[in-house]
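Written below as structure tokens is the structure these notes are about.
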Amino acid sequence: MTEITTARPGSSLTSAFDIPRPPGLTWYVQSRMPVGYEVSLTRGLLNPANPVLARSVGADGRGTVRTLVVVDRAVDELYGPGLRGYFDAWRVDAVWKVMPGDEETKNLDQVVEVTRAMTDMGILRRTERVVVVGGGVLMDVVGMAASLYRRGAPYVRVPTTLVGQVDAGVGVKTGVNHGTHKNRLGTYFAPEVTLIDPEFLRTVEPRHIANGLAEIIKMALIKDGALFELLEENVTRITNHALADCGAAMSEVVSRAIAGMLDELEPNLWESVLERSVDYGHTFSPSLELRADPPLLHGEAVAVDMAVCLALAVGRRYLSEGDAHRALALIAGCGLPLTHPVFTPELLEVGLADAVKHRDGLQRLPLTDGIGSCVFVNDITADELARALEFVRAYADGARADGPGR
């Protein structure tokens with residue numbers, strides 16, 4: 001063993017301080033950082049009588065506090081006056097940054113734009129927050145910027161779309177697209193709080209409601225059979241106004257989806273375990289989402305992916321053909337696509353190969369093991385993918401021929 005000695009004061013360093021011969025010295029450092037954040041459903045978030053949003057940025061109405069508010073451009077047109085009035089009422093000195101929130105702008109340039117706004121404001125590193133108000137795209141961009149700025153600045157999410165409220169806004173992942181790859185660059189960075197107000201959904205157009213419903217259907221298929229039945233019973237009544245009114249059925253739909261998602265995420269926030277049931281519908285969809293022309297919304301691509309996975313489950317005898325037809329009918333009944341011309345057997349193989357890289361060398365493909373539970377497989381073949389596409393197309397063709405009564 002190499003001897004390590006300490007030089008006497010005033011003496012020169014001796015050869016005892018040379019790098020030791022093999023095996024040398026090793027230092028092992030271990031540390032843990034607790035993570036805690038809140039997801040809160042609240043009504044009337046922009047009513048000055050509701051203190052929830054104000055408290056999330058440290059305001060008490062007596063002294064002035066500062067915050068940076070990054071808001072989706074479309075949301076600002078609808079809710080900008082209400083947001084500004086709310087913060088004024090609570091003596092919040094808000095610096096405003098209005099940005100686009102569409103998929104085409106989900107890139108590193110937008111992340112840097114947010115950090116530039118933080119620098120221009122001179123935001124304090126620990127005591128002043130960034131508030132992001134918008135959909136999943138903008139929350140991902142701002143969350144990534146917050147994670148990078150001085151290696152971490154606190155932020156608050158206010159999701160205004162259904163997909164933001166039940167999916168993108170409740171986890172800890174941030175990210176942007178890069179090249180032809182969906183969410184290729186990103187971080188894990190929890191907000192201090194996510195504040196969900198169903199009233200924002202009143203101004204969400206039907207296509208974007210369907211976009212969020214895809215993520216709710218996902219949770220029903222892999223975790224919550226009761227949620228699936230609730231969706232079946234109410235599919236014709238799920239509208240933006242019904243969700244905003246938040247009656248008993250709609251409240252249960254949203255709360256079960258959020259609770260199920262958090263139950264899956266909490267024990268595996270950093271994805272140390274790569275078999276994740278919430279990856280259902282997210283194996284092939286990244287390849288489709290960025291290649292479709294005209295573009296598909298995230299939930300639309302997920303819906304097509306789920307349809308293929310339902311067919312794969314039938315082929316493996318995990319799911320009956322009758323239950324697969326029920327699930328496909330629910331997806332279509334929510335206004336989501338079942339097929340897409342870009343989804344060829346060749347593209348499915350490409351998507352699966354990329355998923356294998358993302359999942360560390362194994363397919364880890366989640367499939368429904370009966371409605372409401374999940375199983376993982378690692379040996380899906382090209383022939384199975386081709387047969388799955390045929391199954392879905394045959395169902396979709398038959399549904400079109402039979403009309404709405406199918």
Side-chain angles (χ1 to χ4, degrees), residues 37-47 50 52-53 56 72 75 78-79 132-139 156-173 191 193-266 277-278 280-281 297-300 302-303 306 327 330-331 333-336 371-372:
Y37 64 103
E38 183 178 296
V39 178
S40 179
L41 274 165
T42 184
R43 302 301 300 272
L45 190 65
L46 301 187
N47 184 340
N50 185 342
V52 171
L53 179 56
S56 74
D72 182 287
V75 174
L78 293 166
Y79 297 102
V132 53
V133 187
V137 168
L138 191 62
M139 285 190 295
V156 174
R157 291 172 175 159
V158 180
T160 58
T161 62
L162 185 56
V163 74
Q165 293 185 356
V166 302
D167 184 71
V170 302
V172 300
K173 292 201 292 189
V193 62
T194 294
L195 300 174
I196 298 172
D197 185 353
E199 183 60 34
F200 284 116
L201 302 180
R202 198 174 300 281
T203 52
V204 175
E205 64 182 56
R207 185 183 178 194
H208 285 273
I209 294 295
N211 186 44
L213 286 174
E215 295 289 353
I216 297 178
I217 294 170
K218 173 189 79 175
M219 297 309 303
L221 287 173
I222 54 91
K223 188 174 180 66
D224 191 345
L227 175 58
F228 183 87
E229 292 178 0
L230 188 64
L231 289 167
E232 276 191 318
E233 293 167 6
N234 292 277
V235 63
T236 60
R237 294 186 287 273
I238 303 176
T239 65
N240 57 341
H241 292 293
L243 287 163
D245 291 339
C246 211
M250 295 302 101
S251 178
E252 186 176 355
V253 164
V254 171
S255 61
R256 290 185 81 102
I258 293 172
M261 175 67 79
L262 290 174
D263 188 56
E264 290 296 311
L265 294 180
E266 185 177 27
S277 62
V278 293
Y280 187 74
L297 298 178
H298 175 71
E300 293 169 338
V302 167
M306 288 193 296
L330 177 61
I331 293 170
C334 288
L336 291 160
I371 291 174

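Atom set for the values below is all heavy atoms of this structure, side chains included, hydrogens, waters and symmetry mates excluded. Bear in mind the structure is a predicted one, so any value in this text is a computation, not a measurement.
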Determine the minimum heavy-atom distance between [X] and [Y], stating which atoms define it.
| X | Y | value |
| --- | --- | --- |
| Gly169 | Thr194 | O-OG1, 2.7 Å |
| Ile216 | Ala257 | CG1-CB, 3.9 Å |
| Ser56 | Leu195 | OG-CD1, 4.0 Å |
| Thr161 | Val204 | CA-CG2, 4.4 Å |
| Pro198 | Arg43 | CD-CD, 3.8 Å |
| Val170 | Tyr37 | O-OH, 2.7 Å |

>> Using side chain to side chain contact (heavy atoms under 4.5 Å, CB included), reason through Met250 and Asn234 one step at a time and then give a plain yes or no.
In response: CA-CA 9 Å; Met250 295 302 101; Asn234 292 277; 3.9 Å; yes

Can you check whether [Y]'s main-chain N or O pairs, donor with acceptor, with [X]'s side chain at less than 3.5 Å?
| X | Y | result |
| --- | --- | --- |
| Asn50 | Val52 | yes |
| Thr160 | Phe200 | no |
| Asp167 | Val163 | no |
| Asn240 | Glu205 | no |
| Asn211 | Gly299 | yes |
| Glu38 | Val193 | no |
| Thr42 | Leu45 | no |

Please report the interatomic distance [atom1]([X]) to [atom2]([Y]), rounded to the nearest 0.5 Å.
| X | Y | atom1 | atom2 | value |
| --- | --- | --- | --- | --- |
| Arg256 | Met219 | CZ | CE | 11.0 Å |
| Ile238 | Leu243 | CD1 | CG | 6.5 Å |
| Leu336 | Met306 | CG | CE | 7.0 Å |
| Arg202 | Glu199 | CZ | CD | 4.0 Å |
| Ile258 | Ser40 | CD1 | OG | 10.0 Å |
| Leu231 | Ile331 | CG | CD1 | 11.0 Å |

>> I'd like to know if the side chain of Tyr79 pairs up with that of Thr203 as donor and acceptor (distance under 3.5 Å, no hydrogens or angles considered).
In response: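 Side chains of Tyr79 and Thr203: pair found under 3.5 Å.
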
>> Does any part of the side chain of Glu215, heavy atoms only, come nearer than 4.5 Å to the side chain of Val302, both counted from C-beta?
In response: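 Yes - at least one pair of side-chain heavy atoms lies under 4.5 Å apart.
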
> Any side-chain heavy atom of Val235 sitting closer than 4.5 Å to one from Cys334?
Replying inline: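 Val235 vs Cys334: side chains touch.
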
> Leu138 pairs by side-chain contact (heavy atoms from CB on, under 4.5 Å) with which of Val75, Val133, Asp72?
Replying inline: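 Considering Val75, Val133, Asp72, a side-chain contact (heavy atoms from CB on, under 4.5 Å) with Leu138 is found only for Asp72.
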
>> Determine whether Ile196 and Arg157 satisfy the following criterion, side chain to side chain contact (heavy atoms under 4.5 Å, CB included), listing intermediate values before the conclusion.
In response: CA-CA 9 Å; Ile196 298 172; Arg157 291 172 175 159; over 6 Å; no

>> Run the side chain to side chain contact (heavy atoms under 4.5 Å, CB included) test on Leu297 and His208 for me, step by step, so that the C-alpha distance in whole Å, both residues' side-chain angles and the decisive distance to 0.1 Å come before the verdict.
In response: CA-CA 8 Å; Leu297 298 178; His208 285 273; 3.7 Å; yes

> Residues two or more places apart in sequence or in another chain: which of them pass ring pair (Phe, Tyr, Trp, His ring centres under 6.0 Å) with Phe228?
Replying inline: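 Scan of Phe228 (ring pair (Phe, Tyr, Trp, His ring centres under 6.0 Å), adjacent residues dropped) gives none.
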
>> Go through it in stages, so that I can follow the logic: the residues are Val278 and Lys218, the test is side chain to side chain contact (heavy atoms under 4.5 Å, CB included), and I'd like the CA-CA distance, side-chain angles, deciding distance and then a yes or no.
In response: CA-CA 8 Å; Val278 293; Lys218 173 189 79 175; 4.1 Å; yes

